[in-house]
Engineer: 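This is the structure I want to talk about, given as structure tokens.
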Amino acid sequence: MSKPLRTRRTVVAILAVCLLAGAFVAWATARVSERILLDEIGLRAAASLDLQAATLESLLDKYRILPPLMARRPDVVDISIGRDREAAHRIAAITAGMTGAEEIRFLSADGSLIASSEFDAVGTPLDNEIRQAVDQAREGRLGRQLLVTTPGRPASYIFASAVRDRDTIVGVVAARVDLGRIEQAWALARDPVQALSRSGRIIVTNRPQWRGLQLELDGTRSELDTLRGRTEQRGPHLMVTLPDEGGRKLYLQASKVVPVLGWSVAVFFDASSVTRQVTTAVLIAVLLTLLATGLVWIIVERRMRVDAQLRGERAAALRLERRVRDRTRDLTRANARLGEEVREREAAETELRRTQDELVQTAKLATLGQMSAALSHEFNQPLAVIRSQADNADMLLQRGRAEEAGESLRKITAMVERMATISRTLKGFARKPGSEAGPVAVGPVIDEALMLLSPRIKRSNARVDFTRPVLDLAVRADAILLEQVIMNLLVNALDAVEDAHAGQADGGVVRIGAAREGAGDVVIRVEDDGPGIDEVTRGRIFDPFFTTKEVGAGLGLGLSIADKIVRELGGQLVLEEARPDRPGSVFSIRLPDASAEAAVS
Ligand code: ADP
């Protein structure tokens with residue numbers, strides 16, 4: 001939340017700075033470009049002003065010196081003294097024609113007209129209009145006077161000088177100049193030009209409608225106000241708005257005072273293009289600023305994006321690092337736990353192996369117990385027979401019935417023979433425990449097992465079929481251990497058969513046999529027609545302590561021990577696949593064939 005906020009703030013700040021910079025650039029461009037343009041126009045205006053002022057000055061200068069020069073001519077002095085009107089008129093007309101003056105007048109010392117180049121009027125009363133100039137001349141100065149004869153027409157200017165005879169003023173000579181000639185010269189200038197008299201009246205101008213208008217002395221408020229807009233000072237330049245065809249235009253006013261007359265000449269230079277040019281310059285500057293802003297924006301944005309990406313990557317790397325650290329810690333713990341479990345498992349396995357060894361030992365003892373029970377049964381029966389036959393023989397001998405006594409003695413002998421057989425077996429049994437694996441004849445081992453199990457077999461209703469193998473069939477094994485395995489398989493088969501055939505007349509069959517199979521193997525097979533073994537039980541049948549029998553009836557150790565023994569003998573104990581045509585189960589003991597070795601020994 002705080003990150004986008006910060007970013008937004010940055011963006012707003014950058015935009016604000018850019019806007020301010022843009023505004024400043026626009027303002028500065030406007031100021032500078034206006035200044036440059038106005039300076040340039042000002043220069044041109046100043047040049048034009050000099051030219052126009054010079055035009056005015058040169059014209060007026062020329063006529064300024066005309067009356068004093070004429071006043072020095074002797075014929076003019078004579079005319080003045082003699083008041084020779086004819087001569088005066090002639091000279092005036094010639095001089096006016098030669099100099100281009102509008103009019104030349106000769107006046108008497110009292111100011112009355114003698115003659116004029118304009119008219120032949122002799123004795124015309126003195127025009128009041130030029131009195132000021134005549135008076136100044138009579139006072140000995142250069143007479144000057146502006147003369148507006150017809151309103152709306154260009155004005156005239158009078159220069160007058162006293163005519164002296166020695167030190168006495170005998171007359172006055174005056175020259176009238178038509179200011180319209182200046183206006184004609186100024187008419188060539190495109191922009192307005194004006195000359196203001198000392199009293200602020202427009203005397204000469206190339207704009208006829210301005211002529212004669214009275215301005216305030218400071219030139220700001222005037223009759224021209226209806227024509228002129230407001231004036232304003234821009235730097236060193238005075239700007240004026242003037243009417244133009246169909247509107248108003250901005251002008252730069254340049255003015256200077258013409259010393260000869262004390263007039264102020266002003267030139268108005270068209271500055272309307274300045275606004276347009278300034279606007280263009282500002283537009284260009286703003287566009288450039290916008291462009292620069294865009295560039296800055298792109299750079300800043302890219303920079304911000306790279307920063308954000310870097311920050312994200314750094315955060316992701318940190319997260320990853322933390323996860324790896326956590327995972328490593330978990331793994332280390334799991335490893336430690338696994339190590340612990342492995343150690344426990346190894347200890348349990350050692351314990352199991354030890355227990356199994358003990359159980360093998362116990363099973364051996366159990367076999368011995370079964371065997372001694374069987375032995376006592378096997379011995380007791382013949383002993384009882386021997387005893388009764390001996391008693392019988394004794395009684396028969398006392399009665400002299402030797403023949404019959406002999407019969408009893410033969411029976412005794414048969415019994416003794418049987419006991420001897422048992423004893424031989426027992427001898428063999430006693431000799432075998434602890435002996436090394438070697439060639440063991442399969443037939444006798446099965447015989448012994450069956451004999452040891454005979455009480456169990458007799459107790460059951462089942463039939464045991466022993467298919468005797470070939471005589472020399474031998475395996476590499478330990479006879480006692482093999483016998484133990486076979487006994488275990490037979491007991492399980494009997495249990496299964498009993499279970500399946502309980503309460504039936506047919507007590508079921510257990511088959512045992514042995515034969516050579518494959519290359520160098522002998523297989524002892526124990527089959528029964530019991531209930532068989534389902535798939536689930538199959539998977540666990542060799543597990544220690546797995547039993548389906550009731551408590552006390554089985555420990556679930558038989559098959560696991562048998563399997564261990566067979567594997568130690570280098571063979572395999574296998575529960576064969578169930579077949580639909582064959583009910584019950586088949587266990588096979590596969591051991592190396594040792595028939596050849598047996599034959600040698
Ligand atoms: P125990 O006989 O003490 O139960 P075993 O390891 O000898 O232990 O046998 C384990 C189990 O295998 C028996 O409980 C029984 O369910 C099953 N079993 C072994 N042999 C057979 C067989 N021939 N027919 C059916 N089940 C059998």
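Order of listing sets the numbers, starting from 1, for every ligand and every atom in it. Positions are given from 1, in the same order as the sequence printed here.
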Engineer: So for atom CD, which belongs to Gln572, do other residues, nucleotides or ligands contribute more than 12 heavy atoms lying within a distance under 6.0 Å?
Structural biologist: no
Engineer: Could you identify the single nearest non-hydrogen protein atom to atom 15 (C) of ligand 1 and state the distance to 0.1 Å?
Structural biologist: Thr548 OG1, 3.5 Å
Engineer: Considering only the protein, which heavy-atom contact is closest to atom 27 (C) of ligand 1, and what is its distance?
Structural biologist: Ile533 CD1, 3.9 Å
Engineer: Out of all atoms in ligand 1, which are within 4.0 Å of some heavy atom of Ala496? Include the element for each.
Structural biologist: 22 (C), 24 (N), 25 (C)
Engineer: Step by step, would you call Asn392 with Met395 a side chain to side chain contact (heavy atoms under 4.5 Å, CB included)?
Structural biologist: CA-CA 5 Å; Asn392 212 14; Met395 199 177 69; 3.9 Å; yes
Engineer: Nearest 0.5 angstrom please: Arg459 CZ to Glu498 CD, how far?
Structural biologist: 8.0 Å
Engineer: Quick test of your reading of the structure: of Asp534, Asp529, Asn492, whose heavy atom lies closest to atom 7 (O) of ligand 1?
Structural biologist: Asn492
Engineer: Does this structure show an ion pair linking Arg322 with Asp326, if we count only N-O contacts that are shorter than 4.0 Å?
Structural biologist: no
Engineer: I need the nearest protein heavy-atom contact for atom 2 (O) of ligand 1: residue, atom name and distance, please.
Structural biologist: Lys549 NZ, 2.6 Å
Engineer: Please step through side chain to side chain contact (heavy atoms under 4.5 Å, CB included) for the pair Arg456 and Asp495, ending with a clear verdict.
Structural biologist: CA-CA 10 Å; Arg456 170 78 181 80; Asp495 285 349; 2.6 Å; yes
Engineer: How far does CG of Leu490 sit from CG of Asp528, to the nearest 0.5 angstrom?
Structural biologist: 10.0 Å
Engineer: Which of the numbered atoms in ligand 1 are under 4.0 angstrom from any heavy atom belonging to Asn488?
Structural biologist: 7 (O)
Engineer: Report, in ascending order of atom number, the atoms of ligand 1 lying under 4.0 Å from any heavy atom of Gly558.
Structural biologist: 5 (P), 6 (O), 7 (O), 8 (O)
Engineer: Return the closest protein heavy atom for atom 10 (C) of ligand 1 as residue, atom name and distance.
Structural biologist: Phe546 O, 3.3 Å
Engineer: For atom 8 (O) of ligand 1, what is the closest protein heavy atom, and at what distance to 0.1 Å?
Structural biologist: Gly556 CA, 3.3 Å
Engineer: Within less than 4.0 angstrom of ligand 1, does Phe542 place any heavy atom?
Structural biologist: no
Engineer: Do other residues, nucleotides or ligands put more than 12 heavy atoms under 6.0 Å from Arg538 CZ?
Structural biologist: yes
Engineer: Run down the list Thr547, Ile541, Val526, Asp495 and name the one with the heavy atom closest to atom 12 (O) of ligand 1.
Structural biologist: Ile541
Engineer: Would the number of heavy atoms belonging to other residues, nucleotides or ligands and lying under 6.0 Å from CZ of Arg35 be above 12?
Structural biologist: no
Engineer: Does Leu559 reach ligand 1 with a nitrogen or oxygen that is under 3.5 Å from one of the ligand's nitrogen or oxygen atoms?
Structural biologist: yes
Engineer: Regarding ligand 1, does Asp528 bring an N or O atom to under 3.5 Å of one of the ligand's N or O atoms?
Structural biologist: yes
Engineer: Check if Gly530 has a non-hydrogen atom at a distance under 4.0 Å from any atom of ligand 1.
Structural biologist: no
Engineer: Are the charged groups of Arg463 and Asp529 less than 4.0 angstrom apart, N to O?
Structural biologist: no
Engineer: Looking at Ser585, which atoms of ligand 1 are within less than 4.0 Å of one of its heavy atoms?
Structural biologist: 22 (C), 23 (N), 24 (N), 25 (C)
Engineer: Might you confirm whether atom CG of Leu290 has over 12 heavy atoms from other residues, nucleotides or ligands at distances under 6.0 Å?
Structural biologist: yes
